[in-house]
Amino acid sequence: LGRARDANALYRVASAASDDPAIDTAWGLLFLDKYNRGEALRSLQDALKRDAQWAPAQAGLARVLADENPPAAAAAAEKALGIDADLADAHLLLAELDLDNTRRDAARDRLATLLRINPSHLEARAWQAALSYITGDRGAYEAEVGRILAINPVYGEVYRITGELAARNYRFDEA
C-alpha cells in the first residue's frame with residue numbers, strides 16, 4: 001500500500017509484544033526496502049537474538065551486508081542455507097554475488113537449484129533470463145521471458161533485472 005510509516009508503527013508495537021523473530025525480520029526487511037541499512041541491521045540482529053536459527057533473519061542479514069561486505073554476506077547466506085536449504089532469498093543472493101564476481105556457471109547452478117525447489121520463482125527466472133541475455137543467448141532469454149510472462153503477465157522485474165545485470169557488466173547502452 002506504500003504506507004511504510006504505518007507499517008513501521010505496527011512492527012514497533014508487534015515487536016514489543018512478541019518474541020517471534022519473524023516480526024523483527026519482517027521489520028528489518030521493511031527498513032532494507034526503504035534504504036535504511038542501519039535500522040535493518042538492528043532489527044535483523046534482534047531477530048537473531050530471539051532465535052539464532054531463524055534462517056530468514058540470516059538471509060536478511062546477508063542482504064544488508066551484500067554491498068559493503070560481500071564475503072560476510074555470503075557467509076550469512078550460507079549459514080541461512082545450513083538452517084533451511086530451500087530458502088530462496090539466500091540462493092538468490094549467492095547467485096547475485098557469483099554474478100558480481102563473474103562466476104556465471106556457479107550462478108547458473110544456484111538458480112537451477114532454486115528453480116528445482118520452486119519452478120515458478122519469478123525472480124530466479126528473471127536472473128536466469130538476464131544471465132542468458134548477457135551471455136548472448138537471445139533465444140534462451142526470450143524463452144525465459146515468455147515463461148515468466150506466462151506465470152505473471154505483468155512481471156516487469158525481468159526487464160529491470162536484465163538491465164541491472166547488463167549495467168554490472170559495463171553494457172550501459174543496452175542496460
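Since the model is a prediction, treat every value here as computed from it, not as a measurement.
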Novice: Please determine if Lys49 and Asp24 form a salt bridge, counting it only when a charged side-chain N lies under 4.0 Å from a carboxylate O.
Specialist: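 No, no charged N to carboxylate O under 4.0 Å.
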Novice: Could you check whether any side-chain heavy atom of Asp46 comes within less than 4.5 Å of a side-chain heavy atom of Trp27, counting everything from C-beta outward?
Specialist: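 SC-SC contact between Asp46 and Trp27 ruled out.
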Novice: Before accepting this row, confirm whether a basic side-chain N of the pair Glu174/Arg138 lies closer than 4.0 Å to the acidic partner's carboxylate O.
Specialist: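 Salt bridge flag = yes for Arg138 with Glu174.
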Novice: Is there a side-chain contact between His91 and Thr113, using heavy atoms and a 4.5 Å cut-off?
Specialist: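 SC-SC contact between His91 and Thr113 confirmed.
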Novice: Would you mind listing the cluster partners of Leu115? Hydrophobic ones only (ILVMFWY), side-chain contacts under 4.5 Å, chaining allowed.
Specialist: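 In the cluster with Leu115 there is nothing else; it is isolated.
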Novice: Within a reach of under 6.0 Å around CZ of Phe172, are more than 12 heavy atoms found that belong to other residues, nucleotides or ligands?
Specialist: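 Count over threshold, so yes.
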Novice: Under 3.5 Å, which donor-acceptor pairs link side chains of residues 68-86 to any protein atom two or more places apart or in another chain?
Specialist:
unit_1, atom_1, unit_2, atom_2, d
Asn69, OD1, Ala72, N, 3.2
Glu78, OE2, Arg110, NH2, 3.2
Asp84, OD1, Asp86, N, 3.0

Novice: Taking the side chain as everything from C-beta on, heavy atoms only, tell me whether Leu41 gets closer than 4.5 Å to Leu32.
Specialist: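 No, too far: nothing below the 4.5 Å cut-off.
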Novice: Using distance only, find each side-chain donor-acceptor pair of residues 51-58 under 3.5 Å and give its atom names and separation, not counting sequence neighbours.
Specialist:
unit_1, atom_1, unit_2, atom_2, d
Asp51, OD1, Gln53, N, 2.9
Trp54, NE1, Thr25, OG1, 3.2

Novice: Could you go through residues 148-158 and list every donor-acceptor pair under 3.5 Å that involves a side-chain atom there, pairing it with any protein atom two or more places apart or in another chain?
Specialist:
unit_1, atom_1, unit_2, atom_2, d
Asn152, OD1, Val154, N, 3.1
Glu157, OE1, Arg160, NE, 2.8
Glu157, OE1, Arg160, NH2, 2.9
Glu157, OE2, Arg160, NE, 3.3

Novice: Side chain to side chain donor-acceptor pair (under 3.5 Å) with Asn169: which residues, sequence neighbours excluded?
Specialist: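 Residues passing side chain to side chain donor-acceptor pair (under 3.5 Å) with Asn169: Arg104.
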Novice: Side chain to side chain donor-acceptor pair (under 3.5 Å) with Asp105: which residues, sequence neighbours excluded?
Specialist: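 Only Arg108 meet the side chain to side chain donor-acceptor pair (under 3.5 Å) criterion with Asp105.
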Novice: Apply side-chain contact (heavy atoms from CB on, under 4.5 Å) to Arg5 and list each qualifying residue two or more places apart in sequence or on a separate chain.
Specialist: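 Residues passing side-chain contact (heavy atoms from CB on, under 4.5 Å) with Arg5: none at all.
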Novice: Can you name the residues that form a side chain to side chain donor-acceptor pair (under 3.5 Å) with Trp127, not counting sequence neighbours?
Specialist: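 Residues passing side chain to side chain donor-acceptor pair (under 3.5 Å) with Trp127: none at all.
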Novice: Test of understanding: with side-chain contact (heavy atoms from CB on, under 4.5 Å), list the residues that count as partners of Asn36, not counting sequence neighbours.
Specialist: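 Asn36: side-chain contact (heavy atoms from CB on, under 4.5 Å) contacts with Phe31, Glu39.
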Novice: Sequence neighbours left out, what passes side-chain contact (heavy atoms from CB on, under 4.5 Å) with Ala112? Give chain and number order.
Specialist: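 Expected list: Arg116.
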Novice: Determine, stepwise, if the pair Thr162 / Tyr141 fulfils side-chain contact (heavy atoms from CB on, under 4.5 Å).
Specialist: CA-CA 10 Å; Thr162 301; Tyr141 171 74; 3.4 Å; yes
Novice: With sequence neighbours left out, write down each residue that passes side chain to side chain donor-acceptor pair (under 3.5 Å) with Glu144, or none if nothing qualifies.
Specialist: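 Once residues adjacent in sequence are excluded, the partners of Glu144 under the side chain to side chain donor-acceptor pair (under 3.5 Å) criterion are Arg125, Gln128, Arg147.
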Novice: How would you list, by chain and number, every residue that makes a side-chain contact (heavy atoms from CB on, under 4.5 Å) with Glu142, sequence neighbours excluded?
Specialist: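 Once residues adjacent in sequence are excluded, Glu142 has no partner under the side-chain contact (heavy atoms from CB on, under 4.5 Å) criterion.
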